[in-house]
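Presented below is the structure to which this report refers.
All values derive from a computational prediction rather than experimental measurement.
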There are 4 protein chains.
Amino acid sequence: MGGATAALQGTTKAQIQSVALRLFAERGYDSTSMREIAEALSFTKAALYYHFASKEDIVRSLIDTMLSQVGELVDWAHSQTQGPGLRHEVLTRWIDIMQGQGLRMFRFINANHRVMREISTDKSGMEEHLRALYEILTPPGAGLADQLRARLSLMVVNMAGLASNGLEASEEDILAAARQISMELAPKDPTGDPA
Amino acid sequence: MGGATAALQGTTKAQIQSVALRLFAERGYDSTSMREIAEALSFTKAALYYHFASKEDIVRSLIDTMLSQVGELVDWAHSQTQGPGLRHEVLTRWIDIMQGQGLRMFRFINANHRVMREISTDKSGMEEHLRALYEILTPPGAGLADQLRARLSLMVVNMAGLASNGLEASEEDILAAARQISMELAPKDPTGDPA
Amino acid sequence: MGGATAALQGTTKAQIQSVALRLFAERGYDSTSMREIAEALSFTKAALYYHFASKEDIVRSLIDTMLSQVGELVDWAHSQTQGPGLRHEVLTRWIDIMQGQGLRMFRFINANHRVMREISTDKSGMEEHLRALYEILTPPGAGLADQLRARLSLMVVNMAGLASNGLEASEEDILAAARQISMELAPKDPTGDPA
Amino acid sequence: MGGATAALQGTTKAQIQSVALRLFAERGYDSTSMREIAEALSFTKAALYYHFASKEDIVRSLIDTMLSQVGELVDWAHSQTQGPGLRHEVLTRWIDIMQGQGLRMFRFINANHRVMREISTDKSGMEEHLRALYEILTPPGAGLADQLRARLSLMVVNMAGLASNGLEASEEDILAAARQISMELAPKDPTGDPA
DNA sequence: GATGAATGAGAATTCATTCAT
DNA sequence: GATGAATGAATTCTCATTCAT
């Protein structure tokens, strides 16, 4: 936690990040203008530029926030002994991150590939982090289907938002179901277990 | 099949649709300008406006194309006898649609919720179609998790595109794996279980 | 009459003139596009260009129509013996012209000074015609006020359209009243005043 | 007086209003582009948009200015005792307003009915104001001709601009003559005259 | 006589950004 | 820390016009 999470509370900078993330996720990066962000905050546009050098800079800061959260998860995972138990725990923590700002971030990332591609943040960092998580979630010697399963199990929480459209159930219940499906989907260890 | 697919070949209108879909899927709707579409076709902007009344109109036509394909699937499914076999076949046909323009369309829809929301096409039609498919894929009396599974099984093909980033495998193999996972994920009939 | 009046009936060219005049008077010249004229006639734009070389050309033909009507009035007036009786009769005939297409033409001219100025038709003709009418309506040796009266007496019929907004009376009654006011307004002969 | 008139001096907003009114009156609303207004002011187009939300917004502000002037006249007239003397004074004040920006405004209104109709300012206000003036200028029990006379007497000052085209006289003299004609035209009180 | 397709110029408007204060 | 004013480039879209058929 620490820096990253705290960054989205209190300070002016943090207010901007929070509102910008909401708008970017709702309307898309390109369709959200600095004017709209400023108005949503009852600031002037120029005030935004006092805190952030550019619109892209806001995105960068947003990504960094998420990046550090996922980075912490990766670091923690690397410090543990590998195995099915760890995989289970990693998925749980991932899901925890994805709630709160995480879900919004994911929706944002999903809906704004272009900016993500063009932004020259340490975005490779995100890909590395994800690769690391994939490896942890994929048993040694896994086939293609299992590799895909690992990746999809991470995405399920994020898809649940879209998928639950029209379902009559509390957000809580939906996330619980998503969690369960995510676990099922994650590749099983082929380690000689008699089922 | 037929009309809808054929509509994306040959004629000027069709060329525009095809190029626009590619660009919209790649860069997002808002970030793709009419100028860019025109340049990609070596047309003038004004020529686009001769064929389509507006930028939104292009999107509308694109959606209608996909809509009719999914609509045909729903109609076909309704004309069959329900059951596990049908569910399997529906998933197969869905995946077939999603390849070709379908995948692009889905990436587009996923990445451009805002336009989709604002466009006043028979978009409700899409929601109805999806609802119909969900029902067919969901066994009677299914719980929340199974309802979610039905929805996610449809999305898996579309997610596979994202998920396979960085995997060293042919598109063919990836789609085959996605197909398999999609089938596994679809809710199973509770046949014969005493609840 | 003859040519000019007949020109607004029957033939395709005449249909175009009639519809164009209506639209120009309603929405103004610049705000009426060739597309709108074409649509109002269920033609294609290109068809308009078969009959008229340009948009300005339509206006020119319209002006010419009115020009010839007023020209005939001037010619007739010049062939009569001057005097108060003639002035009365001229006003009457002027008012007769102004009904029918005339009123529309006037509304058009009033509302589209710019085109009128820029159009290089024999528009000077119109000014000459009006000057001739002014002279006929103005008794010899009239002062500034009477010169203005002569001019305004011609305009009254045209203003009546605007002025009668909100009055509960038939168009017929309004025109009769306008006619009466116009006559009153016209400068009186200083008959018998010792200057 | 006061506020409204002063508003057209000094400030950037006021400069824009002044130049825009001149151009709108000269060339018509539709034929005057934001580029032209900007160039006439040596501004950029975008600068106009900083001060006014849209082209229509400029018109709206212009109308409001005139509206408040006429509104003041109506209010003043309502606070006086009705009668022939008041009618005379109202006409005088009306003519005073119409000079300065007023004449331009009137030429603009006359030549741009379409915009006026479409603009959703408190334009009904103008119609109400005019209705009020008509009532004041019209003696009780007046017939149709007198109702029309009241209306035309207000319009005469505005028509004088058009009507005096080609007259060799100073603007001052023309306005004086127009004033005189306007007064003559205004309906006379039928009080006790033996016809 | 008339059309479908296309064009180049220009319209209104919005945007990210800058900078003096 | 923050604002008001301004800009240059881009956007969507419309228009008068042309031309091969």
Side-chain angles (χ1 to χ4, degrees), chain A residues 11-13 15-16 29-39 41-59, chain B residues 11-13 15-16 29-39 41-59, chain C residues 11-13 15-16 29-39 41-59, chain D residues 11-13 15-16 29-39 41-59:
Chain A
T11 70
T12 306
K13 232 175 140 116
Q15 276 177 266
I16 296 175
Y29 174 78
D30 285 302
S31 311
T32 304
S33 71
M34 292 296 264
R35 179 176 56 74
E36 285 170 315
I37 300 175
E39 274 171 12
L41 286 157
S42 311
F43 284 176
T44 46
K45 265 183 293 171
L48 298 185
Y49 281 92
Y50 182 81
H51 294 284
F52 292 93
S54 69
K55 196 180 166 188
E56 282 197 5
D57 205 43
I58 300 182
V59 165
Chain B
T11 69
T12 306
K13 239 179 137 110
Q15 277 177 264
I16 296 174
Y29 175 78
D30 285 302
S31 312
T32 305
S33 73
M34 291 297 262
R35 180 178 55 73
E36 284 169 316
I37 299 175
E39 274 170 13
L41 285 157
S42 310
F43 283 174
T44 45
K45 266 182 293 167
L48 298 185
Y49 281 95
Y50 177 78
H51 294 283
F52 292 93
S54 67
K55 196 180 165 188
E56 281 197 8
D57 204 44
I58 301 181
V59 166
Chain C
T11 69
T12 305
K13 233 176 140 115
Q15 277 178 264
I16 296 175
Y29 175 78
D30 285 302
S31 311
T32 304
S33 71
M34 292 296 263
R35 179 175 57 72
E36 284 169 316
I37 299 174
E39 273 172 11
L41 286 157
S42 311
F43 284 176
T44 45
K45 265 183 294 171
L48 298 184
Y49 281 93
Y50 181 80
H51 294 284
F52 293 92
S54 68
K55 197 182 168 189
E56 281 198 5
D57 206 43
I58 300 181
V59 165
Chain D
T11 69
T12 306
K13 237 177 138 112
Q15 277 178 264
I16 296 175
Y29 174 79
D30 285 302
S31 312
T32 305
S33 72
M34 291 297 262
R35 179 178 55 72
E36 285 169 315
I37 300 176
E39 273 171 13
L41 286 157
S42 310
F43 283 173
T44 45
K45 267 181 295 170
L48 298 186
Y49 281 94
Y50 177 76
H51 294 284
F52 292 93
S54 67
K55 196 180 165 188
E56 281 198 6
D57 204 43
I58 300 182
V59 166

For atom CD1 of B:I58 and atom C1' of F:dT12, their distance in whole Å: 11 Å
base_contact_polar (F:dT3 base, A:K45 side chain, donor-acceptor, <3.5 Å): no
query: Atom CE of D:M34 and atom C1' of F:dC13: how far apart are they, to the nearest Å?
result: 17 Å
field: Euclidean distance, atom CZ of residue A:F52 to atom C1' of F:dA2 [Å, nearest integer]
entry: 15 Å
field: d(CD, C:Q15; C1', E:dA2) in whole Å
entry: 14 Å
query: 5'-most contact on DNA chain E: C:Y50 or D:Y49, nearest heavy atom basis?
result: C:Y50
- request: Give a yes/no answer on whether the side chain of C:R35 brings an N or O atom under 4.0 Å of OP1 or OP2 in F:dC15.
  value: yes
- prompt: Over how many whole Å does the gap from C:L48 atom CG to E:dG1 atom C1' extend?
  reply: 13 Å
message: As a test of your reading of the structure, name each stem of DNA chain E as range with range, where a stem is three or more consecutive Watson-Crick or G-U pairs at under 3.5 Å.
response: E:2-21 with F:2-21
message: Under 4.0 Å, counting only non-hydrogen atoms across every strand here, what does D:S31 touch: a base, just sugar-phosphate, or nothing?
response: nothing
task: Using heavy atoms to find the nearest nucleotide of DNA chain F for C:S54 and B:K55 separately, return the residue whose nucleotide is more 5′.
output: B:K55
query: Looking for any heavy atom pair under 4.0 Å, which part of the strands does D:S42 touch: base, sugar-phosphate only, or nothing?
result: nothing
Test applied, side chain to side chain contact (heavy atoms under 4.5 Å, CB included); reference residue, A:L48; option that passes from A:D57, A:L41, A:T12: A:L41
query: Quick one: on DNA chain E, does D:D30 or C:F43 contact a more 5' nucleotide (nearest heavy atom)?
result: C:F43
message: Nearest to the side chain of A:T12, heavy atoms from C-beta on, is which of F:dG4, F:dA2, F:dT17?
response: F:dA2
field: Donor-acceptor contact present, side-chain D:E36 to main-chain D:S33, <3.5 Å
entry: yes
- request: Calculate the interatomic distance between C:L41 atom CG and E:dT3 atom C1'; express it in whole Å.
  value: 15 Å
Whole angstrom value for the distance that separates C1' of F:dT12 from CD1 of B:I37: 11 Å
task: Find out whether A:I16 and A:F43 are in side-chain contact, i.e. whether some heavy atom of one side chain is under 4.5 Å from a heavy atom of the other.
output: yes
statement: By nearest-nucleotide position on DNA chain F, the 5'-leaning member of C:Y29 and D:T44 is D:T44
- request: Round to the nearest Å and state the distance from B:K13 atom NZ to E:dA6 atom P.
  value: 12 Å
statement: One should read off an interatomic distance between C:K55 NZ and C:M34 CE, to the nearest 0.5 angstrom, of 7.5 Å
statement: Taking every heavy atom of B:K13 against every heavy atom of B:H51, the minimum-distance pair comes out as NZ-O, 3.4 Å
query: Between F:dT11, E:dA16, E:dT7, which nucleotide has the shortest distance from any of its atoms to the side chain of A:S33?
result: E:dA16
field: Listed nucleotide nearest any side-chain atom of D:A47, set F:dT7, E:dG4, E:dT17
entry: F:dT7
query: Between D:H51 and F:dG4, is there a side-chain N or O to OP1/OP2 distance below 4.0 Å?
result: no
